[in-house]
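Just below is one structure, and these are the notes that go with it.
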Protein chains: 2
Amino acid sequence: MGDVFKALADPTRRTILDELVERDGQTLFEICSRLAMKHGLSSSRQAISQHLAVLEDAGLVRARREGRYKFHHIDTRPIRELLGRWTQPEEP
Amino acid sequence: MGDVFKALADPTRRTILDELVERDGQTLFEICSRLAMKHGLSSSRQAISQHLAVLEDAGLVRARREGRYKFHHIDTRPIRELLGRWTQPEEP
DNA sequence: TAGATAGGCAAGTGTAGGCTTGCCTGTTGT
DNA sequence: ACAACAGGCAAGCCTACACTTGCCTATCTA
């Protein structure tokens with residue numbers, strides 16, 4: 001499962017998740033261009049690719065290959081599981 | 001507010017939060033000895049002190065000084081606020 | 001008052017992680 | 001078939017960060 005918390009520690013990876021929530025199933029190049037456009041991030045393709053690998057390792061992103069395209073889908077279940085670790089007994 | 005995610009990225013800091021959930025309001029030396037006993041961590045006092053500073057910066061721990069003692073209290077509100085970021089629209 | 005206790009500050013070290021660079025493998029279109 | 005396209009691999013660089021070391025301040029107790 002890797003480390004979900006480490007994966008969430010980087011702001012660029014969090015922005016990638018934001019982007020996938022807004023539009024799921026994007027390719028690497030789509031994510032790159034949309035990060036540059038909307039979020040003003042000037043990260044290279046390789047950097048984003050490595051970030052996606054970390055997110056995939058953590059189980060936060062699942063990738064499905066189709067021809068030369070690879071579509072990335074967010075999976076928020078690991079986050080929901082982690083939520084309860086310190087906040088279980090309380091009821092705000 | 002610092003970076004809550006970065007604070008949660010380190011496993012030792014997460015164990016400290018676990019320890020504070022189980023018994024809130026511990027001093028630095030209490031945390032050190034209990035981490036060594038129960039969790040088998042052999043971190044130095046200074047290391048734990050620096051971890052507590054990070055947690056305090058992130059708003060996850062609030063410290064109250066009393067004489068020569070400093071009691072540490074966990075505050076899980078930042079966690080609850082952040083975890084809704086990607087899991088708001090869903091209902092499992 | 002002297003020593004023990006609880007904790008803080010600051011500089012130095014070593015490693016992990018984010019990013020780049022360069023090249024390589026498949027896939028698609030003309 | 002060949003060029004453009006989508007993505008991958010691996011080595012190197014550089015900064016952030018976890019941890020140590022050494023010394024310091026403040027509070028309590030004998």
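Nothing here was measured: the structure is a model prediction, and the numbers come from that model. Here is the naming used below: chain letters follow the sequence lines, and residue numbers restart at 1 for every chain.
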> Quick one: the side chain of Gln50(A) and the base of dT20(C), do they pair up donor-acceptor inside 3.5 Å?
Replying inline: yes
> How would you label the contact of Ser43(B) with the nucleic acid (heavy atoms, under 4.0 Å): base, sugar-phosphate, or nothing?
Replying inline: nothing
> Once you round it to whole Å, what is the distance between C1' of dC17(D) and CD1 of Ile48(B)?
Replying inline: 15 Å
> dA16(C) C1' sits how many Å from Phe5(A) CZ, rounded?
Replying inline: 19 Å
>> What is the distance, to the nearest angstrom, from the CD atom on Gln46(B) to the C1' atom on dG12(C)?
In response: 14 Å
> What's the CD-P distance between Glu66(A) and dT27(C), to the nearest Å?
Replying inline: 13 Å
> Is the shortest distance from a Lys or Arg side-chain nitrogen in Glu19(A) or Arg14(A) to a carboxylate oxygen in the other one below 4.0 Å?
Replying inline: no
>> Rounding to an integer number of Å, can you tell me how far Arg65(B) CZ sits from dT5(C) C1'?
In response: 12 Å
>> Is His51(A) close enough to dG17(C) that one of its side-chain N or O atoms is under 4.0 Å from OP1 or OP2 there?
In response: no
>> Using heavy-atom distances to pick each residue's nearest nucleotide on DNA chain C, tell me which of Arg68(A) and Leu28(B) is more 5'.
In response: Leu28(B)
>> Rounded to whole Å, how long is the line connecting atom CZ of Phe71(A) with atom P of dT27(C)?
In response: 14 Å
> For Lys6(B) and dA16(D), is the shortest distance between a side-chain N/O and OP1 or OP2 below 4.0 Å?
Replying inline: no
> Under 4.0 Å: is that the gap between some side-chain N or O of Thr27(B) and OP1 or OP2 of dA6(C)?
Replying inline: no
> Expressed in angstrom and rounded to an integer, what is the separation of Asp10(B) atom CG from dA16(D) atom C1'?
Replying inline: 13 Å
> Could a donor-acceptor pair under 3.5 angstrom be found where the side chain of Arg13(A) meets the base of dG18(C)?
Replying inline: no
> Between Arg64(A) and Tyr69(A), is a side chain to side chain contact (heavy atoms under 4.5 Å, CB included) present by the stated rule, with each step listed?
Replying inline: CA-CA 9 Å; Arg64(A) 133 184 83 91; Tyr69(A) 299 102; over 6 Å; no
> Do Arg80(A) and Thr76(A) have side-chain atoms, one donor and one acceptor, less than 3.5 Å apart?
Replying inline: yes
> With respect to the phosphate group of dG8(D), does any side-chain polar atom (N or O) of Ser49(A) fall under 4.0 Å of OP1 or OP2?
Replying inline: yes
> On DNA chain D, nearest-nucleotide positions of Tyr69(A) versus Ala47(B): which is more 5'?
Replying inline: Tyr69(A)
>> What is the separation between atom CG on Asp57(A) and atom P on dG17(C), rounded to the nearest whole Å?
In response: 11 Å
>> Tell me whether the side-chain N/O atoms of Lys70(B) come closer than 4.0 Å to OP1 or OP2 in dG8(C).
In response: yes
> Can a donor-acceptor pair under 3.5 Å be found between the side-chain atoms of Arg45(A) and the base atoms of dG8(D)?
Replying inline: yes
> Any salt bridge between Asp18(A) and Arg13(A), counting N to O under 4.0 Å?
Replying inline: no
> Salt bridge or not for Asp10(B) and Lys6(A), using N-O below 4.0 Å?
Replying inline: no
>> Quick check on DNA chain C: between Phe29(B) and Thr12(A), whose nearest nucleotide comes earlier from the 5' end?
In response: Phe29(B)
